[in-house]
Asker: 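Before we start, here is the structure in question, set down as C-alpha cells.
Chain letters run A, B, ... following the sequence lines, proteins first, then strands; residues in each count from 1.
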2 protein chains.
Amino acid sequence: MSAPVVDMPLTRASVLEAHERIKPHIHLTPTLTSRTLDAFASTPRSTPLDGIANAREVTVDNAASPKIKFVIKCENLQKGGAFKIRGATHAISRLSASQSSKGVITHSSGNHAQALSIAAGSHSPPIPCTVIMPTISTPSKIAATKGYGANVVFSGSTAPEREAKVSEEQAKTGATLIPPYDHPWILLGQGTVALELIQQAEETGRKLDAIIAPCGGGGLLSGIATACEGTGIRVFGAEPRKDGANDCQRGLKAGKRVEVVKTLTIADGLRTPTGKITYGIIEKKVEGVFSVTEWEILQTVRLVLERLKVVVEPSSVVPLAVALFDEDFRRLVEKEGGEEGWNVGVVFSGGNTTVEMLGKLFAREEEFKEEQAEAYKNV
Amino acid sequence: MSAPVVDMPLTRASVLEAHERIKPHIHLTPTLTSRTLDAFASTPRSTPLDGIANAREVTVDNAASPKIKFVIKCENLQKGGAFKIRGATHAISRLSASQSSKGVITHSSGNHAQALSIAAGSHSPPIPCTVIMPTISTPSKIAATKGYGANVVFSGSTAPEREAKVSEEQAKTGATLIPPYDHPWILLGQGTVALELIQQAEETGRKLDAIIAPCGGGGLLSGIATACEGTGIRVFGAEPRKDGANDCQRGLKAGKRVEVVKTLTIADGLRTPTGKITYGIIEKKVEGVFSVTEWEILQTVRLVLERLKVVVEPSSVVPLAVALFDEDFRRLVEKEGGEEGWNVGVVFSGGNTTVEMLGKLFAREEEFKEEQAEAYKNV
C-alpha cells in the first residue's frame, strides 16, 4: 500500500499554485465575525460569562487578560461539509492521464473519503473512486459515500486489515492511493484555506496576527503553516486533550512524534496521530500547539450554535476553544498583543453532524463538567 | 394603551426610505443557496428523498413537479438574532426629540422586545426602554432583555393585564408604545429585508420570481409585499396549520380576519393572529397564504441544520416548508414557472433557540409523524 511519491517543494508558492488549480471547483466559504465571541475572548476567564465558567482554577489575580478579535472561516459550509475537498481536489488535479483512467482509492471512513468521492465524481470525465470502509461503519456513512458515486469495499477495522484490502484492490485496478493527510498534494491543498482567510480578514478590516487550526493528522495545520510562511502571521495548532489525544503537543514537548493514540474524544476528526510529513512541517513552522478538554470543546460548540447560529462538528471548534479557554495561549496574546490585541483567524473545519449526534453530545455535558476539574490536575 | 398615529404612505418608496434610515445600524445579512435544497424542492414529493417523505397521500400520478431554486436570506444572523431589529430601529429613528427623551415601551416577550431594547440602547444618546413581560416568562428571556439594557416590568399573562400595565407605565413616564407588528413604522422597517434579498439574489444570478415570508402578526409579510409592489415579484405568506394557527389563510378564505387564535405550534413566533393594518395590506398585496404541519416544519428544521448547517428557530423555516411540502404552492410553481421554474426567495426570520430547545423539539418527531396523516384529512 503506497501513495505516489511526489517531489514538490512544500512552500507558500506551491500552496498558491494549488489554489489556482482548485479554486474553480470549491466554494469560497464565508468568514464570520462576532462581537459576542470577541467580548467573551477578551474577558478574563475568572469572570463567568453567559453562565460559562472555567473549572480551571483561574482567579482574578492570575487570569490572562488578552484582547482578541476573531475572523472565522466557515469550512463547515464547504462542499461536502468540510475543508477536505481542498486536498482531495488538488490531488485529483495532479493525476496523470494514465493514473486518472485507473482511478483513486482511499481508506478514510470520515470526511476525506466523502471529499475524494465528490472530487473524483465531479472531474470531467469522472474518475473511478474506491473507498475501503470497515464493515462496522454506520449505514448512513456508507450510504453517503455511495451516494457521492464511490465504490465502497469493506474490510476489517484494524489498520493492517484495512491496508491489506487497499493493496488487494490496488493490485486489481492499479488505482492511485490518496491518503487522508500525510501527503504533499493533500497538505498543499488544505493550506489554500489560509490564503482565502487572510484576504477575507483584510476585507473586513482585520489584518491577521495569528491563525489557529485544528490538528488531527496534521494536513490542515501543516498546510496552513506552509501557506503563511513569510507573511508574518503566526500559526498555532489546537488539539483535544482527552486520553492523550494531544499527541502533537506531547510530541513537540518530548522532541519525538507520538505514533499511536487511542482516544474517544468527542472531537472525532482529531483522534488520528499526526503524520510523518505533516509532523516535520509542524515542528519547523508552527509556533505552538495547545489542547483543550472535552467540556471546553462542548461549551464552545454551544456558543457557536446558540450565538453564531452555525452548525459545527466538535472537531471544528477546538481552535476557538483554545482561544477562549487555554490560559497559556491567552497569556501569550496578552503579552505579545498588548493593548491593541490580536486578530485571530480560526478555521471551522467541518459541519457534518446530525440532530441525533448533537443530542447525544449534550446529554454528556454533566459528565464532562465533572471531568473538568480532574483534567487540569496534571497541568 | 395606544401607539402613535402616523400618516405615512404604505408604499415601496416608504420602504426604500426606511432602509436608508436603518442601514447603518443593522447587519447586511448573507444569503445562501443550496443545491441539495433545490434538488429536493424540484423532486416530486411522491419520491422520498433523504428518508424524508410526505405522509400526505401524494402518488406518482398526482404529485406536483415544480422546478425551484432558492435564495435564502439569513435574518437568523441579524443583530439580536432576528429580523425584528429592522422595524424597531426604524421606529426609533422616527421618534421626535420629545418622544425620545420620554422613552419607549412594548409588551412583546419575544424577539421584538429584545430588538427594541437593542435599538433603543444603541441610539445616541440611548433612549430609555421599558418592556412589560409576564411574570411567568422564562428567566433566560428576562435576563437577556435586561442584558440589552431594558427596564423590565412584570404583569399578569393575559392581554388585558398586560395592556393595563402598559397604560400604567405610560401614565408615569409618557413613553411611546412601539407595538410588535401592527404599525406603519414597524412593517415598513421589516419590509426592508426584501430590498436586500432582491439585490443579493440578482448578484448570485437568480432574479426572483417570488418571495415567501412567514406570517404571524403579519409585519414582515405585509412589509415585504409593500416593498415588492411594482417589481413583478409575487409575494406569498406561510403559516403553521396546527390548531388553526393558519389564521391569515383562513381569514382570506372566509373574507374576514380571524381575530383570536389559540395554538401551541412549535413555530412559536407565528402563534399571534394577523394584525388589523397588516391584514389589510396582505389582503390587497399578497398572492396567497399557505400552511404546513408540525411534522413538515420539523423535517425542514432538520434539513436546514444538517444540510445548510445554520441554526434556525422553527418559525424561520415555515416558508421553506411550504415550498418543499405544500402541493398547492408546488402545483402553482409547476404551472406558472414551467420548464425554467421559479427563483424563490425565502426569509429565515430568526435563530434564537438553544441546544435544549432543539433537543425537546426533536424528541417530539414521532408524535408529529403520527399527527401528519390526520393533518391532511380535512384538506
Side-chain angles (χ1 to χ4, degrees), chain A residues 27-36 39 49-52 72 74-82 118 122 139-140 143-144 147-148 200 204 298-313 316 348-365, chain B residues 27-36 39 49-52 72 74-82 118 122 139-140 143-144 147-148 200 204 298-313 316 348-365:
Chain A
H27 294 323
L28 175 63
T29 54
T31 54
L32 291 177
T33 58
S34 160
R35 284 193 216 175
T36 305
L49 206 69
D50 274 347
I52 297 175
I72 299 165
C74 289
E75 287 288 290
N76 55 328
L77 304 180
Q78 186 52 268
K79 239 188 231 184
I118 296 171
S122 57
S140 67
Y148 288 126
Q200 289 171 298
T204 64
L298 194 66
Q299 296 310 300
T300 310
V301 173
R302 179 189 285 279
L303 269 175
V304 170
L305 289 173
E306 296 185 355
R307 296 311 194 89
L308 257 65
K309 302 181 202 302
V310 300
V311 175
V312 284
E313 48 189 80
S316 265
F348 281 174
S349 49
N352 289 328
T353 187
T354 63
V355 167
E356 284 67 31
M357 284 161 76
L358 289 172
K360 279 183 197 159
L361 204 61
F362 282 94
R364 298 178 66 189
E365 200 162 15
Chain B
H27 293 324
L28 174 63
T29 54
T31 54
L32 291 177
T33 58
S34 160
R35 285 193 214 175
T36 306
L49 206 71
D50 276 346
I52 297 175
I72 299 164
C74 290
E75 287 289 290
N76 55 328
L77 304 180
Q78 187 51 272
K79 238 186 228 184
I118 295 170
S122 57
S140 68
Y148 288 125
Q200 289 171 297
T204 64
L298 193 65
Q299 295 311 301
T300 310
V301 173
R302 179 190 285 279
L303 269 175
V304 170
L305 289 173
E306 296 186 355
R307 295 311 195 90
L308 258 64
K309 301 180 202 303
V310 301
V311 176
V312 285
E313 47 190 80
S316 265
F348 281 174
S349 50
N352 289 328
T353 187
T354 63
V355 168
E356 283 68 30
M357 285 161 76
L358 289 173
K360 280 183 197 159
L361 205 60
F362 282 94
R364 297 179 65 189
E365 200 163 15

Asker: If you round to the nearest 0.5 Å, how far is NZ of B/Lys79 from OG of B/Ser122?
Answerer: 5.5 Å
Asker: Apply side-chain hydrogen bond (donor to acceptor under 3.5 Å, both in side chains) to A/Asn76 and list each qualifying residue two or more places apart in sequence or on a separate chain.
Answerer: none
Asker: If you take all heavy atoms of B/Gln200 and B/Thr29, which pair is closest and at what distance?
Answerer: NE2-O, 3.0 Å
Asker: Does any heavy atom of chain B fall under 4.5 Å from the side chain of A/Leu361, the backbone, both, or neither of them?
Answerer: neither
Asker: Return the set of residues passing side-chain contact (heavy atoms from CB on, under 4.5 Å) with A/Thr353 (not counting sequence neighbours), or none when no residue passes.
Answerer: A/Val311, A/Met357, A/Leu358
Asker: For A/Glu313, which atoms come within 4.5 Å of any heavy atom of chain B: side chain, backbone, both, or neither?
Answerer: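 It is neither, since no heavy atom gets under 4.5 Å.
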Asker: Taking A/Cys74, A/Gly351, A/Gly359 one by one, which has the highest count of heavy-atom pairs under 4.5 Å against chain B?
Answerer: A/Gly351
